[in-house]
Amino acid sequence: MAHCIVPEAEEILDKEFAVLDKGFVRLVDYYGSDQRIVQSARVSYGDGTKSVSQDAALIDYLLRHQHTSPFEQVVLTFHVKMPIFVARQWVRHRTGRMNEVSGRYSIMRDEFYVPEEGCISSQSKDNKQGRSAEPLPPELAQKYREQFQKGQEDSYKAYSEMVEEGLAREIARINLPLSLYTEFYWQMDLHNLFHFLKLRLDSHAQYEIREYAKIMLEMVRKVCPLATSSFENDVRDSVSFTGEEMQALREVLAGKENPLTDKKLRRFEEKISTGVQL
């Protein structure tokens with residue numbers, strides 16, 4: 001197979017795309033393209049299919065039927081800069097390969113994340129791990145922003161003084177907060193990257209990591225536009241039902257009463273609502 005060159009992807013290589021107040025995503029390298037997926041799926045054909053429409057149909061078929069190995073032939077490498085609390089969510093995706101800046105070897109920069117006023121909300125009443133969709137009043141949000149900044153300034157001042165006095169960097173960093181920015185190189189194949197994007201683009205994912213996922217989706221689109229289109233249609237914007245929910249759907253479509261009750265009914269109705277919104 002020849003090395004894949006995608007002109008649209010070449011145009012964004014090594015360019016920083018800003019995220020949050022001080023972060024960024026940068027596409028460092030890519031290996032493969034839509035054509036590599038097609039070639040891998042139809043290896044006996046050599047050059048694969050002969051038209052874009054045929055390639056698109058094949059890629060869509062592979063994704064819909066979860067034939068994932070051809071997508072693993074495409075690999076992307078990113079350089080990302082994000083707050084530590086976002087990075088700790090990020091590394092839950094264990095199939096990625098990662099090299100992060102070390103606070104044992106390097107002096108950490110005085111760079112911290114401070115959320116915008118519109119991103120500061122009270123605890124959600126129906127989501128135990130998330131914030132309310134309604135932002136706090138501006139004066140209250142500004143109060144919390146100032147508290148964030150004050151805590152960050154105090155912790156970095158103490159850190160700097162410890163380092164200057166000769167304390168080991170690996171110890172001095174202990175009290176630095178989760179809002180501190182970190183950087184790392186991150187590499188993942190397209191199959192697992194789509195899984196990452198499905199989870200982190202979801203409305204239930206934390207706002208900050210969703211912002212990174214949005215930028216990365218557009219970068220992936222530059223490398224594999226056909227595969228990305230199939231991902232959006234068949235994965236991101238799709239809704240799946242359990243066997244019990246499928247039976248309930250048949251009952252409803254037949255004009256019968258929905259047999260689901262309580263939590264099962266609420267989950268079913270949420271899926272129906274999500275599908276309509278999509």
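Side chain to side chain, Ser179 and Gln152 meet the donor-acceptor criterion of an N or O pair below 3.5 Å. Under 3.5 Å, the side chains of Gln123 and Ser132 contain no donor-acceptor pair of N or O atoms. Under 3.5 Å, the side chains of Asp202 and His204 contain a donor-acceptor pair of N or O atoms. A donor-acceptor contact closer than 3.5 angstrom links the side chains of Gln247 and Arg250. Looking at Asp60 and Ser230, their side chains do bring a donor and an acceptor atom within 3.5 Å of each other. For Arg26 and Tyr185, the side-chain atoms include at least one donor-acceptor pair closer than 3.5 Å.
Taking the six-membered ring for Trp and thresholds of 30 and 60 degrees, His67 and His65 have nearly parallel ring planes, at less than 30 degrees apart.
Arg131 places no side-chain N or O within 3.5 Å of a backbone atom of Ser122 that could act as its donor or acceptor partner. Between the Arg42 side chain and the Gln39 main chain, no donor and acceptor come within less than 3.5 Å of each other. Side-chain atoms of Asp34 come within 3.5 Å of backbone N or O of Leu226 as a donor-acceptor pair. Distance alone, capped at 3.5 Å, is enough to place a donor-acceptor pair between the Asp21 side chain and the Val114 backbone. Not a single donor-acceptor pair under 3.5 Å links the side chain of Tyr212 to the backbone N or O of Arg200. A distance-only check finds no donor-acceptor pair linking the side chain of Ser106 to the backbone of Met108 [under 3.5 Å]. With Ser229 contributing its side chain and Pro225 its backbone, the two residues share no donor-acceptor pair below 3.5 Å. Side chain of Tyr181 to main chain of Lys22: a donor-acceptor pair is present (N/O by atom type, distance under 3.5 Å, no hydrogens or angles). At least one donor-acceptor pair under 3.5 Å links the side chain of Tyr30 to the backbone N or O of Val6. The closest donor-acceptor contact from the side chain of Glu251 to the backbone of Ala248 lies at 3.5 Å or more, if one exists at all.
Listed here is the closest heavy atom pair of Gln187 and Val75: CG-CG1, 3.4 Å. Heavy-atom minimum distance, Gly118 versus Pro135: O-CB, 3.6 Å. When every heavy atom of Leu190 is checked against every heavy atom of Ala227, the shortest pair comes out as CD2-CB, 4.1 Å. In plain terms, the two heavy atoms of Met216 and Leu193 that are nearest each other are CE-CD1, 4.1 Å. Between Glu117 and Pro138, the closest heavy-atom pair is OE1-CB, 3.6 Å. What you find for Arg173 and Glu170 is that their closest heavy atoms are NE-O, 3.2 Å.
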Check against salt bridge (charged side-chain N to carboxylate O under 4.0 Å, His left out), Arg266 and Glu269 | CA-CA 5 Å; Arg266 289 196 293 272; Glu269 291 176 340; over 6 Å; no

Given the rule in the side chain to side chain contact (heavy atoms under 4.5 Å, CB included) test, do Tyr61 and Arg64 qualify, once you have shown the distances and angles that lead to the verdict?
-> CA-CA 5 Å; Tyr61 175 88; Arg64 280 188 291 110; 4.2 Å; yes

Step by step, would you call Ile174 with Met162 a side chain to side chain contact (heavy atoms under 4.5 Å, CB included)?
-> CA-CA 11 Å; Ile174 289 174; Met162 291 176 186; over 6 Å; no

Could you check Glu218 against Arg221 for salt bridge (charged side-chain N to carboxylate O under 4.0 Å, His left out), going step by step and ending with a plain yes or no?
-> CA-CA 5 Å; Glu218 296 310 310; Arg221 193 189 310 279; 3.0 Å; yes

Verdict with reasoning, Leu76 to Met219, per side chain to side chain contact (heavy atoms under 4.5 Å, CB included) | CA-CA 10 Å; Leu76 293 89; Met219 290 181 165; 5.7 Å; no

Intermediate values then yes/no, side chain to side chain contact (heavy atoms under 4.5 Å, CB included), Lys81 and Arg109 = CA-CA 12 Å; Lys81 178 181 177 182; Arg109 296 177 183 173; 4.3 Å; yes

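Criterion: ILVMFWY side-chain heavy atoms under 4.5 Å apart, direct or through other members. Under it, Val74 and Ile5 are part of a common hydrophobic cluster. Note on Phe17: it clusters hydrophobically with Val223, by side-chain heavy-atom contacts below 4.5 Å among ILVMFWY residues. Leu217 and Leu27 fall within a single hydrophobic cluster, where Ile, Leu, Val, Met, Phe, Trp and Tyr are joined by side-chain heavy atoms under 4.5 Å apart, directly or via other members. In this structure, Trp90 is a member of the same hydrophobic cluster as Leu178, with clusters built from ILVMFWY side-chain heavy atoms closer than 4.5 Å. With hydrophobic clusters built from ILVMFWY side chains whose heavy atoms lie under 4.5 angstrom apart, Met188 does not share a cluster with Phe24.
Inter-residue side-chain proximity for Met98 and Glu100 is flagged as met; some heavy-atom pair is nearer than 4.5 Å. Annotation: side chain of Phe148 is in contact with side chain of Pro115 (closest heavy-atom distance under 4.5 Å). With contacts defined as side-chain heavy-atom distances shorter than 4.5 Å, the pair Met82/Phe184 qualifies. Contact annotation: the side chain of Leu63 approaches that of Phe231 to within less than 4.5 Å [non-hydrogen atoms, C-beta and beyond]. Counting heavy atoms from C-beta outward, Thr68 and Glu72 have side chains that approach closer than 4.5 Å.
Between Glu8 and Lys222 there is no salt bridge, since no side-chain N of the basic residue sits under 4.0 Å from a carboxylate O of the acidic one. By the 4.0 Å N-to-carboxylate-O rule, Glu244 lies too far from Arg267 to be salt-bridged with it.
More than 12 non-hydrogen atoms from other residues, nucleotides or ligands lie less than 6.0 angstrom from CD of Gln147. The neighbour count for Glu139 CD, taken as heavy atoms of other residues, nucleotides or ligands under 6.0 Å away, is above 12.
Just one residue in the list Trp186, Phe196, Phe194 forms a ring-ring contact (aromatic ring centres under 6.0 Å, His included) with His93, and that residue is Phe196.
Between Ile37 atom CD1 and Ile59 atom CD1 the span is 4.5 Å, to the nearest 0.5 Å. Atom-to-atom distance recorded for Thr228:OG1 and Glu232:CD is 6.5 Å, nearest 0.5 angstrom. Atom OH of Tyr159 is separated from atom CG of Leu180 by 8.0 Å, given to the nearest 0.5 angstrom. Taken to the nearest 0.5 Å, the NZ atom of Lys198 stands 11.0 Å off from the CG atom of Asp234. Atom-to-atom distance recorded for Glu208:CD and Leu20:CG is 6.0 Å, nearest 0.5 angstrom. Taken to the nearest 0.5 Å, the OH atom of Tyr156 stands 8.0 Å off from the CG atom of Leu176.
In this structure, Arg36 forms a cation-pi arrangement with Tyr31, its terminal cationic atom sitting closer than 6.0 Å to the ring centre and no more than 45° off the ring axis.
Residues meeting the ring pair (Phe, Tyr, Trp, His ring centres under 6.0 Å) test with Phe268, sequence neighbours left out: none. Glu153 is linked by a side-chain hydrogen bond (donor to acceptor under 3.5 Å, both in side chains) to nothing, counting only residues two or more places apart in sequence or in another chain.
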